[in-house]
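Positions are given from 1, in the same order as the sequence printed here. Just so it is clear, the values below take in all heavy atoms, side chains as well, and ignore hydrogens, waters and symmetry mates.
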Amino acid sequence: MDLITLPLSTHSLNLNNIDSPVNFPSRSLLAFLFPQGVYSIMFEAFDVDDQPIPFRLSIRRVGAYPKPVLCQALWRRYVAQKNLQLNDRVFFSLEINRVTGLVRYRVMALRRMFTLFGQDIWVNVEKLHH
């Protein structure tokens, strides 16, 4: 396949982040363009069904480092829309098509279903609802 996928962020849902703004790793900022003087940007991440999901990423205006966070309202909408639960995992990635140059963000939510021979078996949450 002519796709390059770069992981940006992984979140295991817990009581602290299921209803609150979610910290994004500072290293992931390389995948986002913040023009000078802009501290919040909208982006769309496509789910497994290629449906665009809106998110807003914000950074600090002042401070030693930018401390990126996903804004609470759109994050909560995503959590509710996908019926996410405690301990589900959400992955954000950047997908680059080497042929077309198309760059887009991806989001995927997984749920641990059971353990088999000592290995956790995870299922894409979107596929549970089809």
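- Counting all heavy atoms, side chain and backbone alike, S40 lies closest to S58 at OG-OG, 3.2 Å.
- Between I18 and L84 the shortest heavy-atom distance is CD1-O, 4.3 Å.
- The line from CG of L3 to CZ of R104 is 8.5 Å long, rounded to the nearest 0.5 Å.
- In the hydrophobic cluster analysis, where Ile, Leu, Val, Met, Phe, Trp and Tyr join through side-chain heavy atoms closer than 4.5 angstrom, I4 is grouped together with L94.
- Side-chain heavy atoms closer than 4.5 Å link hydrophobic residues (I, L, V, M, F, W, Y) into clusters, and following such links, even through other members, never connects I41 to L74.
- Both I53 and V103 sit in one connected hydrophobic cluster of ILVMFWY residues. Membership requires side-chain heavy atoms under 4.5 Å apart, directly or through other members.
- Within the 4.5 Å cutoff, the side chain of L70 has no heavy atoms near those of the Y78 side chain.
- Taking 4.5 Å as the limit, some side-chain heavy atom of P54 sits within range of a side-chain heavy atom of M42.
- Residue V22 comes nearest to N17 through the heavy atom pair CG2-O, 3.7 Å, listed as atom of the first residue, atom of the second, then distance.
- S93 is not listed as a side-chain neighbour of L6, based on a closest heavy-atom distance of 4.5 Å or more.
- Between N16 and N14 the shortest heavy-atom distance is N-OD1, 2.8 Å.
- Checked for salt-bridge contact, R89 and D120 miss the test: no charged N lies under 4.0 Å from a carboxylate O.
- Tracing side-chain contacts under 4.5 Å through hydrophobic residues (I, L, V, M, F, W, Y), one never reaches W122 starting from V90; they form parts of separate clusters.
- Counting heavy atoms from C-beta on, the side chains of K67 and N23 come closer than 4.5 Å.
- We find the OH-OG distance between Y105 and S9 to be 13.0 Å, quoted to the nearest 0.5 Å.
- Linking ILVMFWY side-chain heavy atoms closer than 4.5 Å, directly or via other members, places V38 and V62 in two distinct hydrophobic clusters.
- Under the 6.0 Å distance and 45° angle rule, R60 does not count as a cation-pi partner of Y39.
- Separation of atoms CZ (F34) and CD1 (I59) is listed at 4.5 Å; rounding is to 0.5 Å.
- Relative ring orientation between F92 and F55 is described as perpendicular, the plane-to-plane angle rising above 60° on a 0-90° scale split at 30° and 60°.
- Looking only at distances, a side-chain donor or acceptor of N124 sits under 3.5 Å from a matching main-chain atom of E126.
- V107 is not listed as a side-chain neighbour of F91, based on a closest heavy-atom distance of 4.5 Å or more.
- Once rounded to the nearest 0.5 Å, the distance linking CD of Q119 with CD1 of I121 reads 7.0 Å.
- The minimum heavy-atom distance between Q72 and P21, with the atom names listed, is OE1-CD, 3.7 Å.
- For the side-chain hydrogen bond (donor to acceptor under 3.5 Å, both in side chains) with D47, the lone residue among Q81, R106, K82 that qualifies is K82.
- Looking at V69 and F24, their side chains never come closer than 4.5 Å, going by heavy atoms from C-beta outward.
- Between F43 and L57, the closest side-chain pair of non-hydrogen atoms falls below 4.5 Å.
- Taking each heavy atom of N87 and S12 in turn, the nearest pair found is O-OG, 4.2 Å.
- Rounded to the nearest 0.5 angstrom, D2 CG and I96 CD1 are separated by 12.5 Å.
- Expressed to the nearest 0.5 Å, how far CG of D88 lies from CZ of R111 amounts to 4.0 Å.
- A 4.5 Å side-chain heavy-atom check between L86 and L15 finds at least one atom pair inside the cut-off.
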